[in-house]
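Please find one structure pasted underneath; my questions will follow.
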Amino acid sequence: MRNRELAIIFSKIADAFELKGELPFKILAYRKVARILEDLTEDIEIIWKKGDLRKIPGVGEGIAKKIDEYLHTGEMRKYEETMRDIPEGLLSLLSIQGVGAKTLKLAHRELKVNNKADLARVLNDGSLSMLPGMGDKKVENIKKGLEIFSIEEKRISIGVALPLVEEIINWMGKSEISNISPAGSLRRMKETIGDIDILVAGERGVEVIEHFTKFPRVERILAKGSTKGSIMVREGHQIDLRVVPLDCYGAALQYFTGSKAHNIKLRAIARKRGLKLSEYGVFRGGKKIAGAKEEDVYASLGIPWIPPELREDRGEIEFVSDGKELPDIINYDELKGDLHIHSNYSDGSNSIRELAKYAKKMGYEYIAITDHSRSDSYAGGIGKKKLLEQAKEIEKVENEVGIKILKGIELKIKKDGELDFPDSVLKNLDIVIGAIHTFPKEIDMTPALISACKNPWVDVIAHPTGRLISRRAGYKVNIEKLIKAAKDTHTFLEINCYPDRLDLSDINATRAKESGVKLTLGSDAHNIGMLNSIRFGIGVARRAWCSKDDIINTSKEPWKLLKHSKK
DNA sequence: GCCGTTTTCGGCCCGACTGTTTTCAGTCG
């Protein structure tokens, strides 16, 4: 799949155009096609070979030619040309919150800002605030943005890392290996991943790594030995692969999965028992007593196997050491439906029928269509009239496809707590998800959220903190108060599964669970491919020690649990 | 750049918010 590769190229062209002050609608066209390629479920090369490039929405004559050129030659003249006079590291600064094209262009032209270090310099020495239109507050804002950016800069979203690793695992299947698994924070399903680690069991290390370095999208080979290979793919991510003999595989998997803190505690336990734990196995004296299987490694230390998502040293080792049984955390196949989906009635790109069919294929028994409400106009929010039309279509599709479809809305909660529809409208729906998308930074949104919880028809609060991982911190909210209000009002809180949100986070979901608040999982899908994002949210739920009973859409009829069941 | 059509041009999302202004520009979603 070279979809993402192309998406990045077009998105970079769009960024560069913005800096150069190109026509706004040209920029928009590039952005649009980048986004569509990113979300496209089919392989662009297959579409290309069929001669169907122009059938992709947003791809016209010009862009089709550029894709064609790139897939033929591996190069795109327009891209090379556009990038020629843009210093490396300049464009990435656009993703800093508070830094847009105009600001960056100004700083670049007037102060020779070419990268992050330059930006930090002009922020601190006061020269940026001297430029026209730049005041102290703007500078302060950008400083904060740069802080968030710096922390997360080198980490990859799990939404990018996991599909990439799956592709590599698929590729490695063509070589002589007996076992393969992601390791590291990816296997623990952390929301962002530092280094991508893959572990392989096999005897012929040299050949395995040779094959690894021939992965079709390799940009650079960083290391190539008999036990470790390291590559950089075209999107700029580094991937390490290690090969170990089969009889060490379990110990190595345990070791490379981490977390570091978890491993340190395990080693301490081993030592107390007169054992030694390393990536090669568990040893008593010189004798190896475990190593082939992860289960055996844990068992040899007198504790049961711990799911990777729980290995964060958040009390899991003490828990099992006390002889207590870990909760039976939710499995990746236990969801019966998705409760947060957008259709083409608002800003989704698939019809209700397409969504329903795909959901059915995923094995779901029900879905909820929850388009944006009228005042979220940037997202094509819908009013009463369209809601009625949609209800009719839902009934029709429900019968045709044979899957239960809840009529829902993602209801805008305004900053004063006012809701976008009156009760008379909300009442007639099956599910209402309250959400905040726009907010003034300084205002505490807790009262607005609590007031929404108190509404008799708001069933769920979507992405309760509003954060966008590595981009913005979210609105001001006292999460404990919100959880309490949710508990008191019988409102559910969502784990939004969109990889850049994952909101509630694992930590907040744990808090909710411990307070007895039930959760919903919603993909927030805007097209059928994104329905698969649900697994990232299940990862969060697992990291939050949630069992099936904590998540309402593991039940066959979750609507019976909603406030709407009383209508 | 794309796209639809009253079909080869003209529209393409725009409102809220913020910080800078003194009526508006930049950023965000």
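These numbers were taken from a predicted model, which means no experiment stands behind them. The sequence lines fix the lettering, A, B, ..., with proteins before strands; numbering per chain opens at 1.
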If the P atom of B:dC13 is compared with that of B:dG4, how far apart are they to the nearest Å?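 That atom pair is separated by 13 Å.
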What is the nucleic acid contact for A:P24, judged by heavy atoms within less than 4.0 Å: base, sugar-phosphate only, or nothing?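 Result for A:P24 = nothing.
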For nucleotides 22-28 of chain B, list the nitrogen or oxygen atoms of the protein found under 3.5 Å from its nitrogen or oxygen atoms, one pair per line.
| from | atom 1 | to | atom 2 | distance (Å) |
| --- | --- | --- | --- | --- |
| B:dG26 | OP2 | A:K102 | NZ | 3.4 |
| B:dG26 | O3' | A:T103 | OG1 | 3.4 |
| B:dT27 | OP1 | A:G100 | N | 2.7 |
| B:dT27 | OP1 | A:G100 | O | 3.3 |
| B:dT27 | OP1 | A:T103 | N | 3.2 |
| B:dT27 | OP1 | A:T103 | OG1 | 2.3 |
| B:dT27 | OP2 | A:A101 | N | 3.4 |
| B:dT27 | OP2 | A:K102 | N | 3.3 |
| B:dC28 | OP1 | A:G98 | N | 2.6 |

Going by the rule side chain to side chain donor-acceptor pair (under 3.5 Å), which residues pair with A:D376 if we only count those two or more places apart in sequence or in a different chain?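 For A:D376, the residues satisfying side chain to side chain donor-acceptor pair (under 3.5 Å) (neighbours in sequence not counted) are A:K412, A:H437.
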Which whole number of Å gives the distance between the C1' atom of B:dA16 and that of B:dC9?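 Looking at atom C1' only, B:dA16 and B:dC9 are 33 Å apart.
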Using the test salt bridge (Lys or Arg N to Asp or Glu O under 4.0 Å), find all partners of A:D52 that sit at least two apart in sequence or belong to another chain.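 With neighbours one apart ignored, the set is A:K55.
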Distance-only donor-acceptor hits, side chain of residues 502-509 of chain A, under 3.5 Å, sequence neighbours excluded:
| from | atom 1 | to | atom 2 | distance (Å) |
| --- | --- | --- | --- | --- |
| A:D503 | OD1 | A:T465 | N | 3.2 |
| A:D503 | OD1 | A:T465 | OG1 | 3.0 |
| A:D503 | OD2 | A:T465 | N | 3.1 |
| A:D503 | OD2 | A:T465 | OG1 | 3.1 |
| A:D503 | OD2 | A:G466 | N | 2.8 |
| A:S505 | OG | A:N508 | N | 3.2 |
| A:D506 | OD2 | A:R314 | NH1 | 3.3 |
| A:D506 | OD2 | A:R543 | NE | 3.0 |
| A:D506 | OD2 | A:R543 | NH2 | 3.1 |
| A:N508 | OD1 | A:R511 | NH1 | 2.6 |

Quick one: closest heavy-atom pair of A:R535 and A:Y332, and the distance?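 Shortest heavy-atom separation between A:R535 and A:Y332 comes out as O-CE2, 3.5 Å.
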Between B:dC28 and B:dT22, how many Å separate the two C1' atoms, rounded to a whole number?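 It comes out at 24 Å once rounded to the nearest Å.
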Could you work out the separation of B:dA25 and B:dT20 based on their P atoms and round it to a whole Å?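 Per the computed distance, 16 Å lies between those P atoms.
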Excluding sequence neighbours, so at least two apart, what forms ring pair (Phe, Tyr, Trp, His ring centres under 6.0 Å) with A:F17?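 Result, ring pair (Phe, Tyr, Trp, His ring centres under 6.0 Å) vs A:F17: A:Y30.
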Sequence-distant partners of A:K487, salt bridge (Lys or Arg N to Asp or Glu O under 4.0 Å), two or more places apart: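 With sequence neighbours excluded, A:K487 shows a salt bridge (Lys or Arg N to Asp or Glu O under 4.0 Å) to no residue whatsoever.
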In whole angstrom, give me the gap between the C1' atoms of B:dT18 and B:dT23.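 It works out to 15 Å between them.
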Select base, sugar-phosphate, or nothing to describe what A:D347 touches, counting heavy atoms under 4.0 Å on all strands.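 Contact class for A:D347: none.
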Under the salt bridge (Lys or Arg N to Asp or Glu O under 4.0 Å) rule, collect the residues that match up with A:E389, sequence neighbours excluded.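 Partners of A:E389 by the salt bridge (Lys or Arg N to Asp or Glu O under 4.0 Å) criterion come out as none, since no residue qualifies.
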Indicate, with a heavy-atom threshold strictly under 4.0 Å, whether A:K78 touches base, sugar-phosphate, or nothing.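 It contacts sugar-phosphate atoms only.
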A:T103 side chain to A:V99 backbone, donor-acceptor under 3.5 Å: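 Not confirmed, A:T103 side chain does not pair with A:V99 backbone.
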Going by number, which of residues 58-67 of chain A have a non-hydrogen atom under 4.0 Å from DNA chain B?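 The answer is A:G58, A:V59, A:G60, A:E61, A:G62, A:I63, A:K66.
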Pull out every protein N or O sitting under 3.5 Å from an N or O of nucleotides 9-17 of chain B, one pair per line with the distance.
| from | atom 1 | to | atom 2 | distance (Å) |
| --- | --- | --- | --- | --- |
| B:dC17 | OP1 | A:K415 | NZ | 2.8 |

Go through the structure and list residues passing ring pair (Phe, Tyr, Trp, His ring centres under 6.0 Å) with A:Y475, not counting sequence neighbours.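 So A:Y475 forms a ring pair (Phe, Tyr, Trp, His ring centres under 6.0 Å) with A:F439.
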Roughly how far apart, to the nearest Å, are B:dG10 and B:dG15 at atom P?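 24 Å, rounded to whole Å.
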Can you list every ring-ring contact (aromatic ring centres under 6.0 Å, His included) pair that touches residues 45-97 of chain A, not counting sequence neighbours?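 Of all non-adjacent pairs touching residues 45-97 of chain A, those that pass ring-ring contact (aromatic ring centres under 6.0 Å, His included) are A:W48-A:H72.
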Pairing residues for A:D488 by the salt bridge (Lys or Arg N to Asp or Glu O under 4.0 Å) criterion, not counting sequence neighbours: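 Applying salt bridge (Lys or Arg N to Asp or Glu O under 4.0 Å) to A:D488 gives A:K484.
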Considering only atom C1', compute the distance from B:dT6 to B:dG1 and round it to an integer number of Å.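 Looking at atom C1' only, B:dT6 and B:dG1 are 24 Å apart.
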Could you measure between the two P atoms, the one in B:dT5 and the one in B:dC12, and give it in whole Å?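 Those two atoms are separated by 14 Å.
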